[in-house]
Amino acid sequence: MKETLRPTSPPLPQTPLDTEDQFYAFLAGGARHQLLLSAVDLGLDKLLSAGPLPLAEIIVQLGLDATRADKWMSLLVGVGLCELVLDPHGGIPSYAAAPLLLAMAAPDLAGGYFYREFLRYWRASIVHDTVGVVKGAPVLYPVRYPPTDVADTKLLHEWMRSGALLTLASLEKYFDFSWTKHLLDVGGGDATMACALTKKHPRLKVTVFNVPQAADLARSNIAAAGVGDRVKVVVGDFRVDALPRGFDTVLFSRVLADWPPDLCQKLINEAYASLTPDGVLVVCEPLRDQNFELSIAWEHSYLPYDDFGAHTYKTTELYEWMMAVSGFGELTRHPRRESIHGAIVARKLPQAGSGGR
């Protein structure tokens with residue numbers, strides 16, 4: 001299966017012109033990155049969140065050089081961060097924030113928190129010299145999993161919580177939880193999704209499996225939500241510990257995408273053992289074949305950090321192959337819709353020689 005492990009990537013150049021286009025595409029990517037950082041650092045996202053403004057007003061509000069600001073705003077329009085709004089009556093045109101720039105200034109619950117936090121993390125990763133990193137130089141800002149510092153633990157789960165309900169909204173379009181009686185949420189963070197699901201489905205019980213630091217946060221959320229009779233926490237490190245047993249559904253949501261294929265295969269094997277006969281495995285992750293740019297951005301940010309391996313973002317095909325190896329069948333693909341997350345649903349099949357269900 002070595003061929004399947006190769007990451008999916010755009011076609012390689014076929015002609016000299018294709019090569020030249022690829023060269024400039026790489027440089028343009030760096031330019032887009034710098035333009036986004038400059039817009040956020042100068043506060044253009046917040047300034048234009050109230051509505052369009054003419055160039056002269058932007059220059060005054062942000063204290064810009066007039067000639068360079070004109071070129072800068074033109075580039076921001078060119079890369080899709082801003083839009084030029086023309087006055088139908090021939091007045092002075094204005095600049096408006098395009099959706100991505102608006103998202104950078106959005107309130108936390110609207111997704112702005114995650115964008116801003118990832119950009120902060122991205123800056124910490126790209127400050128390292130890539131040549132030095134790949135030759136083994138120490139990094140300035142090491143990232144470890146699981147976090148050992150209380151502040152880092154809270155930050156990690158703030159990240160997870162900021163997108164948990166958005167992920168759940170997508171997941172519920174792919175999978176009907178109403179028939180599930182006992183769900184194992186592997187790496188279920190601070191139990192945000194578990195609490196939301198049990199409130200919506202009265203007969204559902206959820207077990208959240210996570211490391212001790214996250215478990216403490218989960219218990220607090222469970223108590224606050226008043227669902228302690230139907231949501232419990234089991235402490236463990238899925239990298240080394242066996243998963244609990246006896247569930248009709250096992251869920252991996254925003255978990256497998258952070259880990260290399262060998263660990264993911266181990267976890268899918270564990271999911272098979274955790275399920276009752278005819279049980280169902282649900283994998284809801286950003287899939288590499290559906291999110292190529294996202295995969296490159298995240299895996300590049302992992303480059304300096306040794307707790308993360310290669311091929312973390314995996315293709316639909318690779319997940320399906322790993323599920324089949326573990327003994328799952330009746331696989332159903334659910335390509336991403338409104339979010340970055342796609343899903344694969346599979347049923348536990350009886351092992352050969354087991355005598356059937």
Should we count CD1 of I92 as having more than 12 external heavy atoms under 6.0 Å?
no
Surrounding NZ of K266 (heavy atoms of other residues, nucleotides or ligands, distance under 6.0 Å), is the total greater than 12?
yes
Step by step, would you call K205 with H182 a side-chain contact (heavy atoms from CB on, under 4.5 Å)?
CA-CA 5 Å; K205 293 183 178 180; H182 201 174; 4.0 Å; yes
Report yes or no: does D237 contribute a side-chain atom to a donor-acceptor pair with the main-chain N or O of V211 at less than 3.5 Å?
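The answer is no, because no donor-acceptor pair under 3.5 Å joins these two groups.
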Heavy-atom donor-acceptor pair, T198 side chain to A194 backbone, under 3.5 Å:
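Looks like yes, one N/O pair under 3.5 Å.
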Side chains of [X] and [Y], heavy atoms from C-beta outward: is any pair under 4.5 Å?
X    : Y    : value
I296 : Y313 : no
P286 : K314 : no
L197 : L183 : yes
R203 : R230 : no
L48  : L53  : yes
V282 : V250 : no
L243 : F209 : yes
I126 : Y121 : no

Atom of [X], atom of [Y] and distance for their closest heavy-atom approach:
X    : Y    : value
C82  : L44  : SG-CD2, 3.9 Å
A66  : I59  : CA-CD1, 3.7 Å
G132 : D129 : N-OD2, 2.9 Å
I340 : N291 : O-ND2, 3.0 Å
T276 : G246 : CG2-C, 3.9 Å
A215 : V233 : CB-CG1, 3.5 Å

Between [Y] and [X], does any NZ, NE, NH1 or NH2 come within less than 4.0 Å of an OD or OE carboxylate oxygen?
X    : Y    : answer
D248 : K348 : no
R288 : E317 : no
R333 : E320 : yes
E270 : R245 : yes

Can you pull out every side chain to side chain donor-acceptor pair (under 3.5 Å) where at least one residue sits in [range]? Sequence neighbours excluded, please.
range           : answer
residues 86-100 : none
residues 45-65  : E57-Q61
residues 23-33  : H33-W122

Suppose we screen for ring pair (Phe, Tyr, Trp, His ring centres under 6.0 Å). Which residues come up paired with H201, at least two apart in sequence or across chains?
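In terms of ring pair (Phe, Tyr, Trp, His ring centres under 6.0 Å), with neighbours along the sequence ignored, H201 is linked to no residue.
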Of all residues at least two apart in sequence or in a different chain, which pass the ring pair (Phe, Tyr, Trp, His ring centres under 6.0 Å) check with W72?
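With neighbours one apart ignored, the set is empty.
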Nearest 0.5 Å please: distance from the [atom1] atom of [X] over to the [atom2] atom of [Y].
X    : Y    : atom1 : atom2 : result
C264 : N269 : SG    : CG    : 11.0 Å
T332 : H334 : OG1   : NE2   : 5.0 Å
I344 : F175 : CD1   : CZ    : 14.0 Å
T316 : Q290 : OG1   : CD    : 4.5 Å
K181 : W179 : NZ    : CH2   : 10.0 Å
K135 : T130 : NZ    : OG1   : 13.5 Å

Evaluation steps, side-chain contact (heavy atoms from CB on, under 4.5 Å), between M322 and V325:
CA-CA 5 Å; M322 290 191 289; V325 166; 5.6 Å; no
[X] and [Y]: side-chain donor and acceptor closer than 3.5 Å?
X    : Y    : answer
S339 : S170 : yes
S125 : H300 : no
D18  : T15  : yes
S253 : E285 : no

Intermediate values then yes/no, side chain to side chain donor-acceptor pair (under 3.5 Å), D258 and T312
CA-CA 5 Å; D258 285 330; T312 55; over 6 Å; no
Stepwise, does the side-chain contact (heavy atoms from CB on, under 4.5 Å) test hold for T207 with D185?
CA-CA 6 Å; T207 295; D185 186 3; over 6 Å; no
Any link between L102 and L62 through a network of hydrophobic side chains (Ile, Leu, Val, Met, Phe, Trp, Tyr) touching at under 4.5 Å?
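Looking at the clustering, L62 is in a separate group from L102.
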side-chain contact (heavy atoms from CB on, under 4.5 Å) between Y174 and R337, intermediate numbers included
CA-CA 10 Å; Y174 309 135; R337 298 179 189 175; 3.7 Å; yes
If you look only at pairs with a residue in residues 272-291, which of them pass as a ring pair (Phe, Tyr, Trp, His ring centres under 6.0 Å), with sequence neighbours excluded?
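For residues 272-291, and leaving out neighbouring residues, the ring pair (Phe, Tyr, Trp, His ring centres under 6.0 Å) pairs sorted by first residue read Y272-F328.
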